[in-house]
Amino acid sequence: MKIAFVGKGGSGKTTLSSLFIRHLAAEGAPVVAVDADINQHLGAALGLDEAEAAALPAMGEHLRLIKDHLRGSNPRIASADTMIKTTPPGEGSRLLRVQEDNPVYDACARPVELDGGTVRLMVTGPFTDADLGVACYHSKTGAVELCLNHLVDGPHEYVVVDMTAGSDSFASGMFTRFDMTFLVAEPTRKGVSVYRQYKEYARDFGVALRVVGNKVQGPDDLDFLRAEVGDDLLVTVGHSDWVRAMEKGRPPRFAALEESDRLALRTLREAADATYERRDWERYTRQMVHFHLRNAQSWGNERTGADLAAQVDPGFVLGESVTAGA
């Protein structure tokens, strides 16, 4: 299952995504965790110290390797230089699986041991001073989108992505790449404003969106969220001594997490798992192609000097039964 955590800056989405990753790992589930936020905090939330987090390989720095691997023997892609972030797979493309070893994971993923299991962590890399004035952050997340386009996951396998804050993900088609999107919202007007944007933008794309109320302190906060987001409100969480200790760098064992939060995390997993039966690989592939053609026309053709519409394989549908190319 591909799961995104989104929300405004400071809403707690990184904290909640890290708790969800720990929960999955503690239950023995295979997990690939991806930090796609402009502020790279997921590694620290998963227990890495500053030096360990800084040493994580940036996916953007290995973009050539990623393209070379995913291209495979796809005859519609003349070279890796003509691949952009939205390039869809086709006959001959190499696909990524959650529970495999491949050159992309070797270069870009690092195992993170948690009390209860191990997850693979991948990061886009931070936005540096060298990027100021010459790059936008979406160039950093392009590697994530390209990998998601070529990733096939099955039931009880999880790819959890901590997304960039706000509604920035709508600058590309990445918001359609997930089985479930959890939007973390505080019980404030600003907290629910991103929800309204997400709900409106995603309306025509069949995005499964549920709200996680965070920093909820009492019935008044709960009533506010119910009034603002209605049935999209899935669960709420409040203060946690375990989280406070984690933010100080001294987390107790995960088994000591408050029972109310453990129940909330189980609810999140159940909601995500329930989307599996509603998977529509044809729609997923169609949306991938839709955003690729839009990007090709708006900037991709000019930048690469190629007709990127020709990369679309009209008979190809991504799915669990597809065999990766050689």
- Test Asp35 against Thr124 for side-chain contact (heavy atoms from CB on, under 4.5 Å), laying out the working first. CA-CA 6 Å; Asp35 191 345; Thr124 60; 5.7 Å; no
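- Scanning for ring-ring contact (aromatic ring centres under 6.0 Å, His included) contacts around Phe182 gives Phe5, with sequence neighbours left out.
- Across Ser18 and Thr15, no two heavy atoms sit closer than the pair OG-O, 2.7 Å.
- Sorted by first and then second residue, the pairs that involve residues 110-121 and meet salt bridge (Lys or Arg N to Asp or Glu O under 4.0 Å), not counting sequence neighbours, are Asp101-Arg120.
- Annotation: side chain of Asp37 is not in contact with side chain of Leu42 (no heavy-atom distance under 4.5 Å).
- Partners of Arg177 by side-chain contact (heavy atoms from CB on, under 4.5 Å), not counting sequence neighbours, listed by chain and number: Leu148, Asn149, Met174, Tyr284, Gln287, Met288.
- Remark: Lys2 engages Asp153 in a salt bridge (charged side-chain N to carboxylate O under 4.0 Å, His left out) (not counting sequence neighbours).
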Listing, residues 222-230 side-chain donor-acceptor contacts under 3.5 Å, not counting sequence neighbours, or none:
residue : atom : partner : partner atom : Å
Glu228  : OE1  : Arg196  : NH2          : 2.1

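- Pairs passing the salt bridge (Lys or Arg N to Asp or Glu O under 4.0 Å) check and including a residue from residues 205-215, sequence neighbours excluded, read Glu186-Lys215.
- Taking the side chain as every heavy atom from C-beta outward, Val6 and Val194 never approach each other to under 4.5 Å.
- Between Val322 and Trp281, every side-chain heavy-atom pair lies at or beyond the 4.5 Å cut-off.
- Think of Leu308 as one node in a network of Ile, Leu, Val, Met, Phe, Trp and Tyr side chains linked at under 4.5 Å; its network also takes in Ile84, Trp299.
- Under a hydrophobic clustering in which Ile, Leu, Val, Met, Phe, Trp and Tyr are joined whenever their side-chain heavy atoms come within less than 4.5 Å, directly or via other members, Ile77 and Val289 fall into different clusters.
- Looking at Leu96 and Asn102, their side chains come closer than 4.5 Å, going by heavy atoms from C-beta outward.
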Quiz: residues 55-66 side-chain donor-acceptor pairs under 3.5 angstrom, not counting sequence neighbours:
residue : atom : partner : partner atom : Å
Arg64   : NE   : Asp68   : OD2          : 3.4
Arg64   : NH1  : Asp81   : OD1          : 2.5

Only distances under 3.5 Å count here; give the side-chain donor-acceptor pairs of residues 256-265 to other protein atoms, sequence neighbours excluded, each with its distance to 0.1 Å.
residue : atom : partner : partner atom : Å
Glu258  : OE1  : Ser240  : OG           : 2.9
Glu258  : OE2  : Asp241  : N            : 2.7
Glu258  : OE2  : Trp242  : N            : 3.3
Glu259  : OE2  : Arg266  : NH2          : 3.0
Arg262  : NH1  : Phe254  : O            : 3.2

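- Judged as a side-chain contact (heavy atoms from CB on, under 4.5 Å), and not counting sequence neighbours, the contacts of Pro155 are Tyr276, Glu320.
- Under the ring-ring contact (aromatic ring centres under 6.0 Å, His included) criterion, Phe205 pairs with Phe175, Phe291, not counting sequence neighbours.
- Residues that satisfy the side-chain hydrogen bond (donor to acceptor under 3.5 Å, both in side chains) test with Glu302, not counting sequence neighbours, are absent from this structure.
- Under the 3.5 Å distance criterion, with hydrogens and angles disregarded, no donor-acceptor pair is assigned to the side chains of Tyr158 and Asp179.
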